[in-house]
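Each remark here refers to the structure printed beneath this line.
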Amino acid sequence: LPTPQVEARTLAMLQGLLHQLHTTCSHLAAGARAFPSSVQETAGHVRLGVEGVQASLASARSFQELSGLVLAQSRDAVTRAQLSLEGLLEHVGQHTPLPWLVGPFAPALVEYPEDVPVDMAKWEGCVTVG
């Protein structure tokens with residue numbers, strides 16, 4: 001059996017990870033406003049699921065304080081969140097233009113001032129703009 005100190009640190013670490021996950025999900029839900037309503041709803045459900053897990057585990061000081069039902073529900077909520085996030089990533093990958101994801105700069109694009117000579121041998125394979 002784990003010692004009370006190890007158990008307390010494990011729970012604290014879990015609660016910290018859940019806090020980080022919640023913060024990330026909140027940013028995701030806010031950023032999803034640019035996507036269709038189905039994507040926004042999914043992001044909102046993920047955030048609410050993580051909030052539920054946080055609430056279930058927030059006051060626990062030991063694993064003995066957590067019932068098997070709470071642990072099973074928490075595991076199911078995290079699994080649903082993972083599947084939803086995978087679905088969101090798939091949607092974004094299939095329906096979002098690449099420049100929107102990468103931004104205006106891509107590693108293969110290199111701008112040169114027109115009056116500066118360039119040794120193209122070291123830039124072989126890059127696309128030049130200008």
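Because the structure is predicted, anything quoted here is derived from the model rather than measured.
Residues Leu83 and Glu86 have side chains in contact (heavy-atom distance under 4.5 Å, counting atoms from C-beta outward).
Nearest approach of Gln40 to Ala32, heavy atoms of both residues: CG-O, 3.0 Å. Of all heavy-atom pairs between Ala29 and Ala43, the closest is CA-CB, 3.8 Å. Residues Ser74 and Ser56 come closest through the heavy atom pair OG-CB, 4.2 Å. In plain terms, the two heavy atoms of Ser59 and Glu65 that are nearest each other are O-OE1, 3.6 Å.
Transitive grouping of hydrophobic side chains (ILVMFWY, heavy atoms separated by less than 4.5 Å) keeps Leu48 and Val53 in distinct clusters. Leu18 is connected to Leu71 through a chain of hydrophobic side-chain contacts under 4.5 Å among Ile, Leu, Val, Met, Phe, Trp and Tyr, so both are in one cluster.
Evaluation of the side-chain contact (heavy atoms from CB on, under 4.5 Å) rule for Val50 yields Leu21, His22, Cys25 as partners, not counting sequence neighbours.
Taking CD from Gln64 and CD from Glu7, the interatomic distance works out to 4.5 Å, rounded to the nearest 0.5 Å. Separation of atoms OG1 (Thr24) and NE2 (His19) is listed at 9.5 Å; rounding is to 0.5 Å. Interatomic distance, Leu85 CG to Gln82 CD, rounded to the nearest 0.5 Å: 8.0 Å. To the nearest 0.5 Å, atom OG1 of residue Thr23 and atom CG of residue Leu28 are 12.5 Å apart.
Judged by distance alone, the side chain of Gln15 and the main-chain N or O of Leu57 form a donor-acceptor pair under 3.5 Å.
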Intermediate values then yes/no, side chain to side chain contact (heavy atoms under 4.5 Å, CB included), Val6 and Arg9: CA-CA 5 Å; Val6 171; Arg9 283 187 295 202; 3.5 Å; yes
